[in-house]
Amino acid sequence: MPRYGVIDLGSNSVRLVIYEVRAHADHPLRKKDFRALVDEKKMAGLSAYVQDGRLSDAGVAKAVDVLEGHLRLARDLDCDKTGIFATAVLRNCANSAEAVAAIEDAIGAPIDLLPGEEEARLDFVGASCDRALERGTLIDVGGGSTELVRVEDGRDARGVSLDQGCVSSYAQFVRLILPTPDEADAIRGAFAGRLAALPDAGAFASTRLYGVGGSVRGAAKLLGALTGAPKATRTITRAGLAGLLALLRDDPSAFAHLATRAVPDRLHSIVPGCLIVATLMEHLGADELEVCKHAIREGYLIERLAR
């Protein structure tokens, strides 16, 4: 069976997932048609290398170093094809074209720089590969952007990307590791402003939300740890998030210890991510959010590689 490598070049981490794909007829690839063999994540922190809006030479070198390691692993494991896609960290920097070209030249491989709307669409493709998403709104809170997809009659009817994510919120508003109450309010206010500025923000209002991405999964892990559950919760509630954020406000030490146990690789970005998710639930009118297992990497596999 063929093997495909998908490399997700993000604002905080660079992730390689290698999939084994069964041969299939002319129908959309579903979860039963593939399985992940390798899931390798390296923390690169590329957003920290953006200075005055530009990705620095050191940031380019860091991306090259991590990508070369992932490409080497993909070759060693006999991938038939490996694709690299990049999202907000390269999409939003002022020297985007120059930085992408420099990285491509160094690694000898092309990079798909995904527009925000395409990122949202691939989120939907991945999220729906193992379940039917009939109606509602899909959210993905990433490092440098947040995507919203309006789902109608089992299809992605409308997708948008907002240029604020958990890592960019941390970089802009937080002085230490965990936000102060004033810093938390600033994150929520900035995101609410971006959401309100959408010309059709009401189109995404829904009592049913689906969530994908690291911030959503991190929030689910934190909620599971808070309640003593052995696993991450599959449903995030507004009340649950409010309880988490109240713990941060009332007992920052207890929250920090909880986060260190549950999401040690997201200490600086988990609270901004939770704040964005909470803001979305409030403004879109949802009390619950269903956590989906698959997202953009599976969408990229289905749409761009395994065809």
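By convention here, the first residue in the shown sequence is residue 1.
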- Message: Quick one, Leu138 with Leu209, criterion side-chain contact (heavy atoms from CB on, under 4.5 Å). Give me CA distance, side-chain angles, the key distance, then yes/no.
- Response: CA-CA 6 Å; Leu138 174 70; Leu209 294 188; over 6 Å; no
- Evaluate the side-chain proximity of Val291 to Tyr210: yes if any heavy-atom separation is below 4.5 Å, no if none is. no
- Query: When hydrophobic residues are tied together by side-chain contacts of less than 4.5 Å, even through go-betweens, does Ile111 share a cluster with Leu114?
  - Reply: no
- Message: On a heavy-atom basis, which atom in Phe173 and which in Ala186 lie closest, and how many Å separate them?
- Response: CD2-CB, 3.7 Å
- Taking side chain as C-beta onward, heavy atoms only, is Phe85 less than 4.5 Å from Leu113? no
- Message: For a 4.5 angstrom cut-off between non-hydrogen side-chain atoms, does Thr137 reach Leu284?
- Response: yes
- Do other residues, nucleotides or ligands put more than 12 heavy atoms under 6.0 Å from Arg91 CZ? yes
- Message: I'd like to know if the side chain of Thr237 and the backbone of Gly240 have a donor-acceptor N/O pair within less than 3.5 Å.
- Response: yes
- Query: So, does Ser56 use its side chain to make a donor-acceptor pair with the main chain of Gly59 at under 3.5 Å?
  - Reply: yes
- Message: If I take atom CZ from residue Phe124 and atom CD1 from residue Ile296, how far apart are they, to the nearest 0.5 angstrom?
- Response: 14.5 Å
- Message: Keeping Asn95 on the side-chain end and Leu55 on the backbone end, is there a donor-acceptor pair under 3.5 Å?
- Response: yes
- Message: Taking Glu303 first and then Arg121, would you say they form a salt bridge - that is, a charged N and a carboxylate O separated by under 4.0 Å?
- Response: yes
- Item | Side-chain touch Leu289/Ile139, heavy atoms, less than 4.5 angstrom | yes
- Does the separation of the ring centres of Tyr19 and Tyr4 fall below 6.0 angstrom? no
- Task: Please answer whether the main-chain N or O of Gln164 pairs with a side-chain N or O of Ser168 as donor and acceptor at a distance below 3.5 Å.
- Result: no
- Message: As a quick check of understanding, evaluate salt bridge (charged side-chain N to carboxylate O under 4.0 Å, His left out) for Arg15 and Asp8, giving each step before the final call.
- Response: CA-CA 5 Å; Arg15 195 166 201 148; Asp8 177 353; over 6 Å; no
- Item | Side-chain touch Ser11/Leu46, heavy atoms, less than 4.5 angstrom | no
- Query: Between Gly83 and Leu305, which heavy-atom pair has the shortest distance, and what is it?
  - Reply: N-CD1, 4.0 Å
- In plain terms, say whether Glu98 and Arg54 are close enough for a salt bridge, that is, a side-chain N and a carboxylate O under 4.0 Å apart. yes
- Would you say the side-chain atoms of Glu183 pair up with the backbone N or O of Thr180, donor to acceptor, closer than 3.5 Å? yes
- Should we count CG of Asp76 as having more than 12 external heavy atoms under 6.0 Å? yes
- If Ile, Leu, Val, Met, Phe, Trp and Tyr residues are connected whenever their side-chain heavy atoms lie under 4.5 Å apart, and connections chain through other members, are Leu241 and Leu195 in the same group? yes
- Item | salt bridge (charged side-chain N to carboxylate O under 4.0 Å, His left out) partners of Arg304, counting only residues at least two apart | Asp112, Glu118
- Task: Give the intermediate values and the outcome of side-chain contact (heavy atoms from CB on, under 4.5 Å) for residues Leu275 and Ser169.
- Result: CA-CA 10 Å; Leu275 290 165; Ser169 293; over 6 Å; no
- Message: Could you see if Val216 belongs to whatever hydrophobic cluster contains Val212? Use Ile, Leu, Val, Met, Phe, Trp, Tyr and a side-chain cutoff under 4.5 Å.
- Response: no
- Message: Do Val6 and Leu122 land in one hydrophobic cluster if side-chain heavy atoms of ILVMFWY residues count as linked below 4.5 Å?
- Response: yes
- Query: Looking at CD1 of Ile18 and CG of Asp80, how far apart are the two atoms once the value is rounded to the nearest 0.5 Å?
  - Reply: 11.0 Å
- Note on the structure: CZ (Arg249) and CG (Leu245) are apart, to the nearest 0.5 Å, by 8.5 Å
- Query: Is there a donor in the side chain of Ser145 and an acceptor in the side chain of Glu147, or the other way round, less than 3.5 Å apart?
  - Reply: yes
- Task: Apply side-chain contact (heavy atoms from CB on, under 4.5 Å) to Val160 and Phe204, showing your working.
- Result: CA-CA 10 Å; Val160 296; Phe204 298 95; 3.7 Å; yes
- May I ask you to decide if Cys93's main-chain N or O and Ser96's side chain share a donor-acceptor pair within less than 3.5 Å? no
- Does the distance from a Lys or Arg side-chain N to an Asp or Glu carboxylate O, for Asp156 and Arg150, drop under 4.0 Å? no
- Query: Closest heavy-atom contact between Gly224 and Thr227?
  - Reply: O-OG1, 3.1 Å
- Message: Do Ile270 and Leu267 have side chains that approach each other closer than 4.5 Å (heavy atoms only, starting at C-beta)?
- Response: no
- Should we count CG of Asp265 as having more than 12 external heavy atoms under 6.0 Å? yes
- Query: Got a salt bridge between Arg135 and Asp153, using NZ or NE/NH1/NH2 to carboxylate O under 4.0 Å?
  - Reply: yes
- Query: Minimum heavy-atom separation for Ala102 to Val60, with atom names?
  - Reply: CB-CG1, 4.0 Å
- Query: Hey, are Glu290 and Thr235 close enough side-chain-wise for a donor-acceptor pair under 3.5 Å?
  - Reply: no
- Item | Same apolar cluster (I L V M F W Y, side chains within < 4.5 Å links), Leu280/Ile187 | yes
- Calculate, to the nearest 0.5 Å, the distance between atoms CG and CG belonging to Leu258 and Leu226 respectively. 6.0 Å
- Note on the structure: Rounded to the nearest 0.5 Å, the CD1 atom of Ile302 sits from the OH atom of Tyr300 at a distance of 13.5 Å
- Kindly give the heavy-atom pair with the smallest separation between Cys166 and Val141, and that separation in Å. N-CG1, 4.3 Å
- Item | Check against salt bridge (charged side-chain N to carboxylate O under 4.0 Å, His left out), Arg238 and Glu288 | CA-CA 6 Å; Arg238 282 175 66 178; Glu288 293 186 347; over 6 Å; no
- Going by an N to O cut-off under 4.0 Å, is there a salt bridge joining Lys293 and Asp130? no
- Message: Go through it in stages, so that I can follow the logic: the residues are Asp140 and Thr146, the test is side-chain contact (heavy atoms from CB on, under 4.5 Å), and I'd like the CA-CA distance, side-chain angles, deciding distance and then a yes or no.
- Response: CA-CA 6 Å; Asp140 177 6; Thr146 296; over 6 Å; no
- Is there side-chain contact between Leu244 and Phe255, with heavy atoms separated by less than 4.5 Å? yes
- Of all residues at least two apart in sequence or in a different chain, which pass the side chain to side chain contact (heavy atoms under 4.5 Å, CB included) check with Thr82? Ile7, Leu71, Ala74, Cys79
- How long is the span from the CG atom in Leu301 to the NZ atom in Lys81, to the nearest 0.5 Å? 10.0 Å
- Message: Could you check whether any side-chain heavy atom of Arg131 comes within less than 4.5 Å of a side-chain heavy atom of Cys292, counting everything from C-beta outward?
- Response: yes
- So which heavy atom on Ser206 is nearest to which on Ala286, and how close? O-CB, 3.4 Å
- Query: His70 side chain to Val14 main-chain N or O, any donor-acceptor pair under 3.5 Å?
  - Reply: yes
- Main-chain N/O of Leu77 paired with Arg3 side-chain donor or acceptor, under 3.5 Å: yes
